[in-house]
Amino acid sequence: MAVKPVKRENLTLLQETYQRFWTKFNQISSQDDDFASNFKVHTIASIKYYQDYAIGKPYHVCIKINFDRELASVQIYFNNLVVYDEFYTRYRERIETLIGKHLEWKEMNTKAYAQLNLSLPYLISDVSNWDKVCEDIIPNAILMKNTFNNF
């Protein structure tokens with residue numbers, strides 16, 4: 001199912017901000033050969049706080065931004081709780097060792113995720129920092145994908 005562009009006049013101010021951020025992210029990520037070889041770069045920017053990247057596994061990579069909390073995160077998002085349970089119980093410590101950072105693991109009723117919260121030394125809500133934010137997200141998204149794909 002193709003993503004349809006949303007008419008700009010129907011967007012809220014927050015949706016416009018997300019769209020501007022993801023447009024910037026898509027431009028920068030498309031110029032990063034490593035990112036472009038690992039993910040299909042979006043041609044249409046999201047109007048939500050996240051963008052998903054299918055990677056042909058029983059999970060996908062989800063990149064999120066939160067302007068209120070000044071936080072960016074990279075998640076491995078599981079739709080299958082059995083797969084999540086296996087990663088959590090068998091591989092969690094090895095995955096966190098390989099990534100070199102603590103992951104936040106959460107399971108809900110029908111879905112689960114492992115999330116890497118990126119502590120960025122600058123404000124995400126400041127448009128002048130968006131290049132830096134994107135440049136911090138890109139290697140962490142690749143790291144998460146490659147780490148989880150090794151199991």
Side-chain angles (χ1 to χ4, degrees), residues 1-4 6 11-12 14-30 32 34-125 129-151:
M1 173 185 279
V3 178
K4 295 180 183 177
V6 177
L11 299 179
T12 67
L14 184 58
Q15 288 173 324
E16 285 181 12
T17 305
Y18 286 134
Q19 188 175 51
R20 285 195 323 271
F21 176 84
W22 291 119
T23 298
K24 170 66 79 175
F25 181 83
N26 294 341
Q27 290 169 346
I28 291 173
S29 64
S30 69
D32 185 291
D34 202 17
F35 188 89
S37 68
N38 277 283
F39 300 99
K40 182 177 183 226
V41 177
H42 291 263
T43 56
I44 298 173
S46 175
I47 60 169
K48 299 179 180 178
Y49 62 96
Y50 65 90
Q51 281 194 156
D52 282 319
Y53 296 88
I55 54 176
K57 300 284 182 180
Y59 49 84
H60 60 271
V61 174
C62 182
I63 301 171
K64 294 183 176 185
I65 54 169
N66 186 320
F67 293 119
D68 291 337
R69 293 180 50 208
E70 297 293 342
L71 178 73
S73 63
V74 180
Q75 294 181 348
I76 296 293
Y77 193 86
F78 298 87
N79 290 327
N80 184 324
L81 292 179
V82 173
V83 174
Y84 170 82
D85 287 339
E86 182 175 350
F87 272 88
Y88 182 78
T89 57
R90 295 182 67 194
Y91 307 121
R92 179 176 48 110
E93 289 180 19
R94 284 182 35 210
I95 287 170
E96 288 184 357
T97 299
L98 289 170
I99 290 175
K101 299 174 185 169
H102 173 72
L103 299 179
E104 180 180 330
W105 297 78
K106 287 195 177 180
E107 182 177 341
M108 293 169 270
N109 291 340
T110 59
K111 55 192 172 195
Y113 61 86
Q115 175 174 296
L116 172 60
N117 289 321
L118 305 178
S119 298
L120 305 175
Y122 34 79
L123 299 175
I124 294 175
S125 57
N129 290 325
W130 284 3
D131 285 4
K132 294 176 194 167
V133 172
C134 295
E135 290 165 4
D136 279 354
I137 291 171
I138 289 169
N140 283 289
I142 295 166
L143 175 64
M144 287 282 279
K145 176 190 178 247
N146 291 341
T147 301
F148 275 79
N149 281 354
N150 285 329
F151 295 91

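We number each residue from 1, following the sequence as shown. Note that this is a predicted model, so its numbers are computed, not measured.
In Arg92, the CZ atom is crowded: over 12 heavy atoms of neighbouring residues, nucleotides or ligands sit closer than 6.0 Å. Within a 6.0 Å sphere centred on OH of Tyr50, heavy atoms belonging to other residues, nucleotides or ligands number 12 at most.
Considering all non-hydrogen atoms of both residues, Ala141 and Phe39 come closest at O-CZ, 3.6 Å. Counting all heavy atoms, side chain and backbone alike, Leu71 lies closest to Leu118 at CD1-O, 3.6 Å. Closest non-hydrogen pair, Ile138 versus Ser29, comes out as CD1-CA, 3.7 Å. Between Ile99 and Phe148, the closest heavy-atom pair is CD1-CE1, 4.4 Å. Considering every non-hydrogen atom in both Ser30 and Ala36, the closest pair reads O-CB, 4.3 Å.
Here the CG-CG distance, from Leu116 to Leu143, works out to 7.5 Å after rounding to the nearest 0.5 Å. Annotation: the span from Ile65 atom CD1 to Ile137 atom CD1 amounts to 7.0 Å, rounded to 0.5 Å. The NZ atom of Lys132 sits 12.0 Å away from the CD1 atom of Ile28 when rounded to the nearest 0.5 Å. Within the model, atoms CD1 of Ile142 and CG of Asp32 stand 5.0 Å from one another, a figure rounded to the nearest 0.5 Å. Considering CD1 of Ile95 and CZ of Arg90, their distance stands at 11.0 Å, rounded to 0.5 Å. Note: Lys111 NZ to Asn80 CG = 14.5 Å, rounded to the nearest 0.5 Å.
The salt bridge (Lys or Arg N to Asp or Glu O under 4.0 Å) test applied to Asp85 returns no partner, not counting sequence neighbours. Scored by the side chain to side chain donor-acceptor pair (under 3.5 Å) test, Tyr88 finds no partners at all (sequence neighbours excluded). Take Glu107 and apply the salt bridge (Lys or Arg N to Asp or Glu O under 4.0 Å) test, not counting sequence neighbours, and it matches no residue.
At least one side-chain heavy atom of Leu103 sits under 4.5 Å from a side-chain heavy atom of Met144. Here the side chains of Tyr59 and Tyr113 are not in contact, with every heavy-atom distance at 4.5 Å or above. Taking 4.5 Å as the limit, every side-chain heavy atom of Tyr49 sits out of range of all side-chain heavy atoms of Asn66. Here the side chains of Gln115 and Lys106 are not in contact, with every heavy-atom distance at 4.5 Å or above. The shortest side-chain heavy-atom distance between Lys57 and Val83 does not fall under the 4.5 Å cut-off.
Using bins of under 30°, 30° to 60° and over 60° for the plane-to-plane angle, the ring pair Phe21/Trp130 lands in the perpendicular bin. The aromatic rings of Phe87 and Phe151 lie perpendicular to each other, with more than 60° between the two planes, well past the 30° mark. Ring-plane geometry between Phe78 and Tyr84 is classed as perpendicular, the angle between the planes exceeding 60 degrees on a 0 to 90 degree scale with a lower cut at 30.
Asn150 places a side-chain N or O within 3.5 Å of a backbone atom of Asn146 that can act as its donor or acceptor partner. Of the possible donor and acceptor atoms, one in the side chain of Trp22 sits under 3.5 Å from a partner among the backbone N and O of Lys48. Under a 3.5 Å cut-off, the side chain of His42 and the backbone N or O of Tyr53 do not form any donor-acceptor pair. Without hydrogens or angle criteria, Glu70 side chain to Ile124 main chain gives a donor-acceptor distance under 3.5 Å. Formation of a donor-acceptor pair under 3.5 Å by the Gln51 side chain with backbone atoms of Ala45 is not found in this model.
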(request) Show the numbers, then the answer: is there a side chain to side chain donor-acceptor pair (under 3.5 Å) between Asn38 and Asp34? (result) CA-CA 6 Å; Asn38 277 283; Asp34 202 17; 3.2 Å; yes
(request) Check the pair Phe25, Val133 against side-chain contact (heavy atoms from CB on, under 4.5 Å), reporting the backbone distance first and the verdict last. (result) CA-CA 9 Å; Phe25 181 83; Val133 172; over 6 Å; no
